[in-house]
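Okay, structure first, notes after.
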Amino acid sequence: MKYLYYPGCSLEGTAREYDISTRAFMTAMGADLAEIEGWTCCGASAAEAVSELLTLVLPARNLALAEGMAPAGRDILVPCSACYLNLRRVEEKARVSHALKERINEALAVEDLVYHGRTRTRHLLDVVSRDLGAAGIARRVVRPLSGIRVAPYYGCQCLRPYTVFDDPEAPRSMEPLIAAAGADLHAWTMGGRCCGASHMNTKMEVGLKLVGAILEAARGADVVVTVCPMCQMNLDAYQRQVARQTGVDSTMTILYLPQLLGLAIGLSPEDLRLDLNLALTGAFLEKLERTATAA
Amino acid sequence: MALAEKTAIDLGTMPEEAAALAEIRAMVQPCIQCGTCTGSCPNEFAMDLTPRHMWRLVLLGLAEEVLASRTFSLCSACYMCTLRCPRGLPLTEAIGRLKQLAARRHLPHLRSGDLFYRNFIASVRRHGRVREMEFMGLYFAQMMNPWLPLRYAGMGGRLMRRGKVALQLPSRGSGRLVKLFEKVAEMENRS
Ligand code: SF4
Ligand code: SF4
């Protein structure tokens with residue numbers, strides 16, 4: 001299992017533990033990740049608010065670099081949902097419009113790059129659930145997370161608008177993975193509900209409402225699991241502000257999916273950098289402790 | 001005042017704006033005003049126009065009313081309306097176009113989003129990758145809203161203690177994208 005790897009800017013900064021745990025988990029599962037050399041920002045959610053062409057050219061630059069590294073084609077693994085959508089959008093649009101591809105290539109020519117349209121960008125959740133698979137993970141579990149109740153949070157852009165590996169309205173792809181890890185499922189309907197994305201930076205009152213509703217619905221779970229640095233940051237960094245606004249304690253542990261699965265296959269909290277997560281409750285850590293002694 | 005005057009510029013008096021608007025209108029032309037988009041939107045509670053109403057105004061050519069609203073700037077690109085629209089319209093993308101149109105005008109009521117995105121993109125242009133601390137600093141400084149950073153102070157401290165923002169130095173492979181940005185600007189001005 002060989003993949004090209006596009007970490008994206010957040011994974012070098014506020015979401016370092018997502019980068020580290022993705023690499024650690026995937027490598028432990030036998031996958032080989034080659035980081036795209038010289039990658040640059042995909043434009044995040046900002047390019048779309050500024051320029052249509054930039055929204056396509058910034059991701060396309062990275063796709064062209066990826067093609068240069070694997071001319072025969074190799075899947076590009078992307079852990080960030082916003083990066084994933086930006087890269088994928090270029091693939092989808094260039095496939096149906098030759099004129100668009102030409103326009104992109106006209107811009108890329110200033111860097112002597114060409115995008116041919118041979119890449120395939122895949123979200124981490126897609127790769128984990130379909131390439132590794134729940135059965136493949138279950139075979140490697142040495143520390144079943146018994147008694148830990150997990151709320152799977154998918155967010156938006158790994159599900160929509162491109163329907164690739166899951167139901168875009170009622171996603172379930174994480175459920176077999178949670179079961180494989182030996183954990184319990186917190187069944188809820190908020191898994192695909194928007195966290196507000198960058199509203200926390202520009203319209204905080206609105207962002208707090210959306211995040212508050214998600215944390216509220218997560219009550220009863222021990223941990224919420226995410227697959228996107230923006231979702232993670234929104235859910236774990238603003239819990240105090242949410243509590244101040246709603247008057248209800250909304251303390252909740254938020255982990256990235258490879259952190260949770262990594263624990264189950266025996267990686268240590270240090271390997272997975274749980275110390276970098278902003279919200280880890282004592283109750284969660286106690287339960288985790290118990291799974292270690294049981295194993 | 002200068003900013004207020006700027007917003008009064010009539011749409012359509014600038015040819016590139018008229019063209020952009022015509023494109024947006026064409027994107028939502030088949031709308032049947034069913035309201036599914038409104039019912040699907042997680043941000044609808046904070047909007048002044050409902051999404052359905054906004055599309056109606058776009059179709060009627062009343063773009064000034066649309067741009068004076070907060071509705072499109074409150075879209076968090078969740079793609080739920082795009083997924084569910086019975087006419088299969090690219091609604092989130094059309095909203096992206098409205099955001100671009102607004103960004104070119106620097107509308108004062110959308111100032112925070114406008115500055116946020118412009119600083120973000122400026123950081124990408126300079127470094128190739130985003131240095132979150134740098135662009136957040138610029139953003140706060142330009143908002144000139146002294147209590148604003150305080151709302152983030154607690155979080156900033158926690159991020160810094162974990163070394164999450166201090167490590168944002170240009171890393172291997174991240175180059176400046178100035179040439180590419182200039183080319184894109186040239187192509188956009190040409191069309
Ligand atoms: S869901 Fe589609 S057809 Fe219905 S009102 Fe919204 S844009 Fe129009
Ligand atoms: S994509 Fe935007 S407008 Fe559409 S439902 Fe989501 S937040 Fe609302």
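Chain A is the first sequence line, chain B the second, and so forth, proteins listed ahead of strands; every chain is numbered from 1.
- Scanning both residues, B/R129 and A/T40, for their nearest heavy atoms gives CG-CA, 4.3 Å.
- Residue-environment remark: CZ (B/R84) exceeds the threshold of 12 foreign heavy atoms within 6.0 Å.
- No part of A/L159 comes within reach of chain B, as not one of its non-hydrogen atoms sits under 4.5 angstrom from that chain.
- A/E111 touches chain B through its side chain: at least one heavy atom from C-beta onward sits under 4.5 Å away, while N, CA, C and O do not.
- A/L58 touches chain B through its side chain: at least one heavy atom from C-beta onward sits under 4.5 Å away, while N, CA, C and O do not.
- No part of A/R273 comes within reach of chain B, as not one of its non-hydrogen atoms sits under 4.5 angstrom from that chain.
- Within 6.0 Å of the NZ atom in B/K183, the count of heavy atoms belonging to other residues, nucleotides or ligands exceeds 12.
- Contact of B/L83 with chain A is made through the side chain alone, with heavy-atom distances under 4.5 Å.
- In this structure, chain A has heavy atoms under 4.5 Å from both the backbone and the side chain of B/A77.
- Taking the ring-ring contact (aromatic ring centres under 6.0 Å, His included) definition, one finds that A/Y18 meets it with A/Y256, sequence neighbours left out.
- Nearest heavy-atom pair across B/E188 and A/E52 is OE2-N, 3.7 Å.
- Under the side-chain contact (heavy atoms from CB on, under 4.5 Å) criterion, A/T121 pairs with A/L63, A/I76, A/V78, A/Y84, A/L87, A/E91, sequence neighbours left out.
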- Message: B/E93 vs A/K93, test: salt bridge (Lys or Arg N to Asp or Glu O under 4.0 Å). Steps then yes/no.
- Response: CA-CA 12 Å; B/E93 203 182 327; A/K93 289 196 177 240; 2.8 Å; yes

